[in-house]
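For reference, the structure is listed below as structure tokens.
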Amino acid sequence: MAENTQVATFNTQLSYYTNRYVDLMERDLTSRGMEFDSYSKDCVVAAMGSIFQMVHESGVSFEAINGSNLKFILSKVAALKLNANAQPRECYFQIRNVNIAAKGQKPQWEKKIEFAIEGDGNDALVSRYGVDVAKVFPYWKVREGDKYIPPRHKGVEITPPEWEESGVGKVVRIVYPIQYKDGHIEYLSCERADVLKNLAAHIKNNLQNETFGICADRYKATDSQKAQIEEKKKEIMKKVADIGELEAIIDCEELRPYISPSYYETQSRESMIIRKMRNNIMKSIPKRWDNPVQAYEYNMMDATYREVQEEIEQNANAEEFIPDKPAAIEEQPKQPTVAEVVKTAEKEPVPAAEPVETEIPSFMSQEEM
């Protein structure tokens, strides 16, 4: 009986907040000159369900989440039309502790949601917004034991590649056949070795907050300590360059502390490398957005941020939300919580065309006081 009550409360809370944020997104996108259509709404609803479930399972009260941050994330989801309920899913979320205190001040931690595009999300974006793209065919996973003859060029004419599958060995190449509106097909590929540059960028980013025990806090480091830290970082990146081979870097014990387990754990290593090859291809295809809002939301997703977040996927051993020892640090001014954002939204005048909710669920009455 108690379990049924908890489930009912969970569903009621989810429905309440979803309705509030759907209204917020509709007003936000409409005010920016973009249509908030039924699929945009579906994507926001899917994102809210995924985020709410994630926060609930972490043991954190949803009201404690940074409300402005959540609105910012949902705005991207709505504008880009990325569906967390798609199979395979097109985007995913995670929760982190973030230090919002000014430099030199006592740490002040806040819960925020982070968002990243999955490999299939990039496929969806290219299918909808790729310049002159008519169709994205399923990608080929070319393995070591396969017979593969790459496309040959004779002037502007292209001979299609030939591929005989064996199903044996590691995936050494990803090939995307892309059909364009004039009817011609291009075969875009990425080699396994090309993921080396993704791994190097990943390691460099993971070194950002590293102090190597030289000091407790990089923000409080002296000039001498900063120089020592920087020198150590250069040594590590030089080692990456000297090794110069993807598998060898992943297996290097000295570099292991700065590499996500997604790269070296048996259950995720191959899928991580495949995803990197796919992303390298799809991100390189130029896109023509329907409106400036989509272009802005996509371009505001920092490239380094996207790169790092993708490393986390399929990593069962990583802890994305660590209350006692936060995984990421950044400095930002104090932002309102979800409860405060919702309360502010409820005070805003509602257009006559929209139905006005006359009753707030009883479980919210205590929180809103």
Side-chain angles (χ1 to χ4, degrees), residues 88 90 116-204 240-252 259-260 262-264 266-288 298 303 306-307 310-311 313-314:
E90 298 172 353
I117 301 175
E118 291 271 31
D120 289 279
N122 285 314
D123 289 10
L125 292 177
V126 170
S127 296
R128 288 196 291 266
Y129 307 114
V131 175
D132 295 329
V133 170
K135 182 176 182 179
V136 177
F137 287 91
Y139 62 93
W140 302 352
K141 292 192 290 187
V142 182
R143 298 182 179 275
E144 291 173 317
D146 296 355
K147 180 180 178 181
Y148 179 76
I149 300 175
R152 293 186 297 275
H153 295 255
K154 186 176 181 180
V156 295
E157 297 181 357
I158 300 176
T159 301
E162 298 179 18
W163 177 37
E164 293 183 16
E165 298 179 72
S166 69
V168 177
K170 299 175 182 176
V171 176
V172 296
R173 181 182 297 104
I174 292 294
V175 180
Y176 266 101
I178 308 290
Q179 184 175 22
Y180 288 83
K181 293 179 179 179
D182 63 2
H184 85 282
I185 298 177
E186 293 185 7
Y187 300 86
L188 307 180
S189 65
C190 180
E191 306 294 316
R192 188 182 186 93
D194 294 337
V195 178
L196 175 59
K197 64 178 182 292
N198 301 99
L199 180 58
H202 167 69
I203 293 173
K204 184 175 182 180
V240 171
D242 289 344
I243 295 175
E245 200 274 322
L246 177 66
E247 310 289 347
I249 293 174
I250 293 175
D251 293 330
C252 179
I259 300 176
S260 165
S262 297
Y263 271 108
Y264 57 77
T266 303
Q267 75 277 8
S268 60
R269 180 173 183 148
E270 193 68 7
S271 59
M272 168 60 77
I273 294 174
I274 290 172
R275 186 164 59 256
K276 288 302 174 185
M277 288 190 280
R278 291 179 61 193
N279 288 346
N280 287 343
I281 295 171
M282 303 310 277
K283 290 178 182 178
S284 69
I285 298 176
K287 301 169 185 64
R288 182 180 295 119
Y298 184 80
R306 293 199 307 271
E307 191 70 33
E310 290 165 356
E311 314 304 332
E313 182 62 12
Q314 296 182 353

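If you're wondering where the values come from, they're calculated on a predicted model, not measured in any experiment. Throughout, residue positions are numbered sequentially from 1 according to the sequence presented.
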_Residues H184, I158; criterion side chain to side chain contact (heavy atoms under 4.5 Å, CB included); working and verdict_ = CA-CA 9 Å; H184 85 282; I158 300 176; 5.8 Å; no
Inter-residue atom distance [X].[atom1] - [Y].[atom2], 0.5 Å rounding:
X: K276; Y: S271; atom1: NZ; atom2: OG; value: 11.5 Å
X: Y263; Y: L246; atom1: OH; atom2: CG; value: 7.5 Å
X: K287; Y: L125; atom1: NZ; atom2: CG; value: 6.5 Å
X: R275; Y: S268; atom1: CZ; atom2: OG; value: 8.5 Å
X: H202; Y: M272; atom1: NE2; atom2: CE; value: 7.5 Å

Work out which heavy atom in [X] is nearest to a heavy atom in [Y]; give both atom names and the distance.
X: Y180; Y: V131; answer: CE2-O, 3.6 Å
X: A248; Y: I243; answer: CB-CG2, 3.5 Å
X: P177; Y: P138; answer: CD-O, 3.6 Å
X: V136; Y: S127; answer: CG2-OG, 3.4 Å
X: N280; Y: N198; answer: ND2-OD1, 2.9 Å

What I'd like to find out is whether the side chain of [X] reaches to under 4.5 Å of the side chain of [Y], using heavy atoms alone.
X: L199; Y: I259; result: yes
X: Y139; Y: M277; result: no
X: D123; Y: Y176; result: yes
X: E90; Y: I117; result: no

*Take V171 and I273 through the test side chain to side chain contact (heavy atoms under 4.5 Å, CB included) and record every step on the way to the result.*
CA-CA 9 Å; V171 176; I273 294 174; over 6 Å; no
_List the residues meeting salt bridge (Lys or Arg N to Asp or Glu O under 4.0 Å) with D194, not counting sequence neighbours, and say none if there are none._
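Scan of D194 (salt bridge (Lys or Arg N to Asp or Glu O under 4.0 Å), adjacent residues dropped) gives none.
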*Sequence neighbours excluded, which residues qualify as salt bridge (Lys or Arg N to Asp or Glu O under 4.0 Å) partners of R173?*
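So R173 forms a salt bridge (Lys or Arg N to Asp or Glu O under 4.0 Å) with E191.
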*Which is it for R278 and I274 under the side chain to side chain contact (heavy atoms under 4.5 Å, CB included) test, yes or no, and what are the steps along the way?*
CA-CA 6 Å; R278 291 179 61 193; I274 290 172; 4.2 Å; yes
*Heavy-atom neighbours of K204 NZ exceed 12 at 6.0 Å*: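 Counting other residues, nucleotides and ligands, NZ of K204 stays at 12 neighbours or fewer.
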*asked:* Taking atom NZ as the centre, does K197 end up with more than 12 heavy-atom neighbours from other residues, nucleotides or ligands that are less than 6.0 angstrom away?
replied: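 It does: K197 NZ has more than 12 such atoms within range.
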*asked:* Apply side chain to side chain contact (heavy atoms under 4.5 Å, CB included) to residues V133 and K181 and explain how you reach the verdict.
replied: CA-CA 6 Å; V133 170; K181 293 179 179 179; over 6 Å; no
Per-pair distances, 0.1 Å, donor-acceptor, side chain in residues 144-154, under 3.5 Å, sequence neighbours excluded:
residue, atom, partner, partner atom, Å
E144, OE1, K170, N, 3.0
D146, OD1, S166, N, 2.7
D146, OD1, S166, OG, 2.7
D146, OD1, G167, N, 3.4
D146, OD2, R143, N, 2.8
D146, OD2, W163, NE1, 3.0

